[in-house]
> 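Here's a structure for you.
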Amino acid sequence: MAYLQASSLVLSSSSNKIRAAVPVPKLPRVPMSLPKMTTRTVVEELNMRAGFTKTVPIDVESYNSTSIANTQLYALLEAVADRVEMHNNIGKQRDNWNTLLLNSINMITLTAATLTGVGAIGGAGIPLLALKLSSALLYSAATGLSLIMSKIQPSQLAEEQRNATRLFKQLQSQIETILTLGNPTQEDVKIVMEKVLALDKAFPLPLLGAMLEKFPSKFEPAVWWRSKQSQNKTKAQEGKFRKMVKNGWSEELEVEMRDIIEVVKRKDIKDYARLGNLMLKINKILAITGPLLTGIAAIGSTFVGNGSWAAIIAVAAGALGSAVNAFEHGGQVGMVFEMYRNNAGFFRLLEESIEGTLEEKDLERRENGELFEMKLALKFGRSLSQLKELARKSAYSRREGTSIDEFANKLY
């Protein structure tokens, strides 16, 4: 025990000596600060994780604007697709109207003529009063239905809806192209919105209060595009293919476009205006003649039994009225008039499109010239060489003071 105590004293004294012999200097206090954590956006963080150390700065305002324009275009695309379906369904419905009303009027008219003929033959036991009353009522019903049919022109209404369906499908494809190319702008949204409203105005769905005038005083081409003033504000948006050598335009191409305009004005638009006026006059005559003949037949049927002439007039007028209605609505004269009206509108649109493009002096703001020429050739149903040949013929006829013997359009 004494030995252990002595050993501990020796160790403690030696440790004291060591501490005294090796003093540890005090280090100066160095101010320490933690590095600040840098905040990264989601895009930067994804780039860093993928191994991209250099990131491209993103304009948040531009990105938000593009995103909003995308959403708005998708909403417009849904609305246009809905209009395609509506016009398609209503077009089929109005085509059925034309068929059903025409068949009904003809059956009623021929039945009334038969009753009138039976009453005129006479004979014992034949109820003449009942036959006269029945034929008069049937003729009157045919007259009323014929008046309604001549007023609304179901075949023309069906053609309007068919054209609206086709044009809305074109607009639907244009919107899908804009979305596929990417980076749409608010100007794109505005242009599409104006086109939708222009089509709604040109081809209304309701009949009451909004139906197009079926017998205008003068033939006018259909208009389903934006106003020229609105187009002038947004010409820069019409061309997506830019920054080529003069943007695909040359002096020769501009001269070619002006020569083609002259052909469209002097031949195509003039010819369709002539045909449209002719069909308008024929339709007016038929629309008046049909109800007038059945009305005469209705009056003549009431005098059956008092003389042979009354029966002859009633039967003959009824038969002629049935024939006129069959020619007018079975031949779809109103549809033909609407077709000419839309064709004339198509050429008017091409004329304004070419003139508006050439009026733009800044070549970079135009649609690419080569693309514009190709689109125009396709719309006319021609090849590029045929389009150039047409322009040469137009220039030659203008210099010589002669009329060109060829239409611009070969498609229809």
Side-chain angles (χ1 to χ4, degrees), residues 41-44 46-47 50 52 55-88 163-203 223-249 346 349-350 352-376 378-379:
T41 62
V42 176
V43 177
E44 291 174 345
L46 291 174
N47 286 330
F52 300 107
T55 59
V56 179
I58 295 177
D59 189 348
V60 178
E61 184 177 351
S62 175
Y63 176 79
N64 291 337
S65 176
T66 302
S67 177
I68 293 171
N70 249 319
T71 305
Q72 290 173 331
L73 282 176
Y74 274 113
L76 285 170
L77 184 62
E78 291 179 2
V80 169
D82 185 54
R83 279 170 169 77
V84 169
E85 190 67 23
M86 283 194 297
H87 283 283
N88 185 43
N163 285 316
T165 302
R166 178 177 60 85
L167 293 170
F168 270 115
K169 282 183 178 179
Q170 285 183 3
L171 182 58
Q172 185 178 1
S173 299
Q174 291 172 10
I175 298 173
E176 290 172 351
T177 302
I178 294 172
L179 290 169
T180 303
L181 292 175
N183 297 326
T185 63
Q186 288 296 324
E187 199 63 40
D188 292 322
V189 176
K190 181 182 176 183
I191 291 172
V192 171
M193 189 70 180
E194 289 177 353
K195 288 181 177 179
V196 171
L197 295 177
L199 281 170
D200 285 340
K201 184 179 179 181
F203 303 101
V223 178
W224 62 84
W225 54 91
R226 299 180 300 131
S227 64
K228 196 170 182 180
Q229 181 180 4
S230 178
Q231 290 183 32
N232 290 335
K233 295 179 181 178
T234 56
K235 283 177 187 173
Q237 301 300 321
E238 295 294 333
K240 297 292 184 182
F241 302 90
R242 300 176 182 172
K243 295 184 179 178
M244 297 176 65
V245 179
K246 291 188 177 180
N247 199 22
W249 286 93
F346 168 77
L349 173 60
L350 285 181
E352 290 188 9
S353 175
I354 295 172
E355 289 178 347
T357 301
L358 295 180
E359 285 174 2
E360 177 58 65
K361 301 303 180 183
D362 187 359
L363 299 181
E364 293 297 327
R365 292 175 64 87
R366 294 182 186 177
E367 185 175 3
N368 177 264
E370 295 174 358
L371 178 64
F372 188 83
E373 184 183 22
M374 184 188 72
K375 285 182 177 180
L376 188 63
L378 290 174
K379 288 176 180 177

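Please read these numbers as outputs of a predicted model, since none were measured by experiment.
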> Identify the heavy atoms of Arg366 and Thr357 that sit nearest to each other, and give their distance.
NE-O, 3.1 Å
> Give, for atom CG of Leu76 and atom CD1 of Ile178, the distance between the pair rounded to the nearest 0.5 Å.
9.5 Å
> Please give me the minimum heavy-atom distance between Ala69 and Pro184, naming the atom from each residue.
CB-O, 3.6 Å
> Given Val192 and Lys195, is the side chain to side chain contact (heavy atoms under 4.5 Å, CB included) satisfied, shown in steps?
CA-CA 5 Å; Val192 171; Lys195 288 181 177 179; 5.6 Å; no
> Looking at side-chain heavy atoms only, is the closest gap between Arg83 and Gln172 below 4.5 Å?
no
> Which distance, rounded to the nearest 0.5 Å, do you find between the OG of Ser353 and the NZ of Lys375?
9.0 Å
> How long is the gap from CG on Asn163 to CG on Leu199, to the nearest 0.5 Å?
10.5 Å
> For side chain to side chain contact (heavy atoms under 4.5 Å, CB included), just list the numbers for Phe168 and Asp82, CA-CA rounded to whole Å, side-chain angles, deciding distance to a tenth of an Å, and then say yes or no.
CA-CA 10 Å; Phe168 270 115; Asp82 185 54; over 6 Å; no
> Count the heavy atoms of every other residue, nucleotide or ligand shown that sit under 6.0 Å from CE of Met86, and state whether that count exceeds 12.
yes
> Is the backbone N or O of Glu367 less than 3.5 Å from a side-chain atom of Trp249, with the two atoms forming a donor-acceptor pair by type?
yes
> Working note: Ile68 + Gln186, criterion side chain to side chain contact (heavy atoms under 4.5 Å, CB included); need CA distance, chi angles, decisive distance, verdict.
CA-CA 8 Å; Ile68 293 171; Gln186 288 296 324; 3.7 Å; yes
> Can you measure from CE (Met193) to CG (Leu73) and round to the nearest 0.5 angstrom?
11.5 Å
> With rounding to the nearest 0.5 angstrom, report the CG to CD1 distance, Leu350 to Ile354.
6.0 Å
> Working to the nearest 0.5 angstrom, can you tell me the gap between Ile191 CD1 and Thr185 OG1?
7.0 Å
> Could you check if a side-chain atom of Glu352 sits within less than 4.5 angstrom of a side-chain atom of Trp225, using non-hydrogen atoms only?
yes
> Set out, in order, the CA-CA distance, both residues' side-chain angles and the distance that settles ring-ring contact (aromatic ring centres under 6.0 Å, His included) for His87 and Phe203, then state yes or no.
CA-CA 9 Å; His87 283 283; Phe203 303 101; 7.3 Å; no
